[in-house]
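Atoms within a ligand are numbered from 1 in the order they appear, just like the ligands themselves. In this chain, residues are counted from 1 in sequence order. No hydrogens, no waters, no symmetry mates; every other heavy atom, side chains included, goes into these values.
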Amino acid sequence: MRIDIVTIFPEFFGVLDVSLLGKARRDGVLELGVHDLRDWTHDRHRTVDDTPYGGGAGMVMKPEPWGEALDALLGETDATDAVVVFPSPAGVPFTQSLARELAAEPRIIFACGRYEGIDARVADYAATRARVLEVSLGDYVLNGGEVAAMAMIEAIGRLVPGVVGNPESLVEESHESGLLEHPSYTKPQVWRDREVPEVLRSGNHALVAAWRHEQSLERTRRVRPDLLPPEAPAEAPRTR
Ligand code: 6GU
């Protein structure tokens with residue numbers, strides 16, 4: 001998979017050199033290109049923003065550098081072979097299932113906006129050259145798309161075959177089953193008066209699995225009831 005990032009802060013993405021994704025990059029499993037949007041400006045001040053039509057606070061990113069950046073990165077790419085992601089608090093929610101879909105793409109371009117966003121014609125134009133997704137991390141506001149893109153790249157990247165050493169470890173995680181993950185323990189058996197649950201030391205795999213499932217359910221009910229399917233009615237609806 002190849003991922004390109006367009007940003008006015010390429011230095012944000014230095015962290016992609018470390019940890020699992022850094023290794024995947026060095027191993028050639030993941031190709032990552034970070035590009036400075038200002039490289040596609042032509043004025044002395046390398047201007048990327050301007051005042052909004054219609055008035056209001058803040059600045060809007062100008063369309064011209066974005067158009068040139070997308071043309072340069074997409075080149076002769078077939079429109080069906082690339083996805084352009086615009087991180088935005090106004091986008092569709094980023095979920096594990098969207099991460100899984102994106103992990104199967106050959107090419108993703110992250111267009112990181114700052115200020116009050118990017119001139120709306122850019123996403124419209126991008127949609128003539130690629131699939132376009134505006135994606136949000138959640139219901140809060142960040143200063144720009146960079147940190148959001150990084151989170152998405154980590155979530156997507158680790159699902160690309162060969163990035164995570166043991167694919168088994170991807171299966172039993174929060175959100176993969178639709179439930180939150182059960183608690184985990186390691187040695188020592190007693191730490192600061194707290195004992196590891198007995199069942200985990202029983203050696204009975206079926207009991208362990210049942211306990212973990214119950215813990216997942218309990219935790220999900222307590223902190224994320226919205227993840228559970230709607231409760232079955234206590235009684236079958238009466239018919240007349
Ligand atoms: Cl994707 N971008 C920005 N700027 N803010 C956000 C976000 C994205 N997701 C949540 N807040």
### Query
If you draw a 6.0 Å radius around CG in Asn166, do more than 12 non-hydrogen atoms from other residues or ligands fall strictly inside?
yes

### Query
Does the side chain of Asp71 pick up a donor-acceptor pair with the side chain of Tyr125 at under 3.5 Å?
yes

### Polar side chain donor-acceptor pair, His42 to Glu68, under 3.5 angstrom
yes

### Query
What atoms of ligand 1 come closer than 4.0 angstrom to any heavy atom of Ala148?
1 (Cl), 8 (C)

### Task
May I ask you to identify, for Pro89, whether its side chain, its backbone, both or neither come under 4.0 Å of ligand 1 on a heavy-atom basis?
both

### Query
Between Tyr140 and ligand 1, which part of the residue brings a heavy atom under 4.0 Å of the ligand: side chain, backbone, both or neither?
both

### Query
Will you find, in the side chains of Thr77 and Asp81, an N or O donor that is under 3.5 Å from an N or O acceptor?
no

### Query
Is it true that Asp49 and Lys62 make a salt bridge, defined as a side-chain N closer than 4.0 Å to a carboxylate O?
no

#### Entry: contact_flag Gly91 ligand 1 heavy-atom lt 4.0 Å
no

### Task
If you have a sec, work out which protein heavy atom is nearest atom 9 (N) of ligand 1 and how many Å separate them, to one decimal?
Leu137 N, 2.9 Å

### Query
Going by the atom numbers of ligand 1, which of them fall below 4.0 Å from some non-hydrogen atom of Pro87?
1 (Cl), 2 (N)

### Task
Give the contacting part of Ala149 toward ligand 1: side chain, backbone, both or neither, where contact means a heavy-atom distance below 4.0 Å.
neither

### Query
With a 4.0 Å cut-off, would you call Arg212 and Glu181 a salt bridge?
no

### Task
Could you find the nearest protein heavy atom to atom 5 (N) of ligand 1 and give me its residue, atom name and distance?
Leu142 N, 3.1 Å

#### Entry: OH/Tyr53: more than 12 non-hydrogen atoms of other groups inside 6.0 Å
no

### Message
Counting only heavy atoms not in Asp78 (residues, nucleotides, ligands), do more than 12 fall under 6.0 Å from its CG?
### Response
yes

### Task
Heavy-atom contacts with Ser136 under 4.0 Å: which atoms of ligand 1 show up? List them by number with element.
1 (Cl), 9 (N), 10 (C)

### Query
What about Met152: any of its N or O atoms under 3.5 Å from an N or O on ligand 1?
no

### Message
Can you name the atoms of ligand 1, numbered from 1 with element, that are less than 4.0 Å from a heavy atom of Ser88?
### Response
1 (Cl), 2 (N), 8 (C)

### Query
Is it the side chain, the backbone, both or neither of Val135 that has a heavy atom closer than 4.0 Å to ligand 1?
backbone

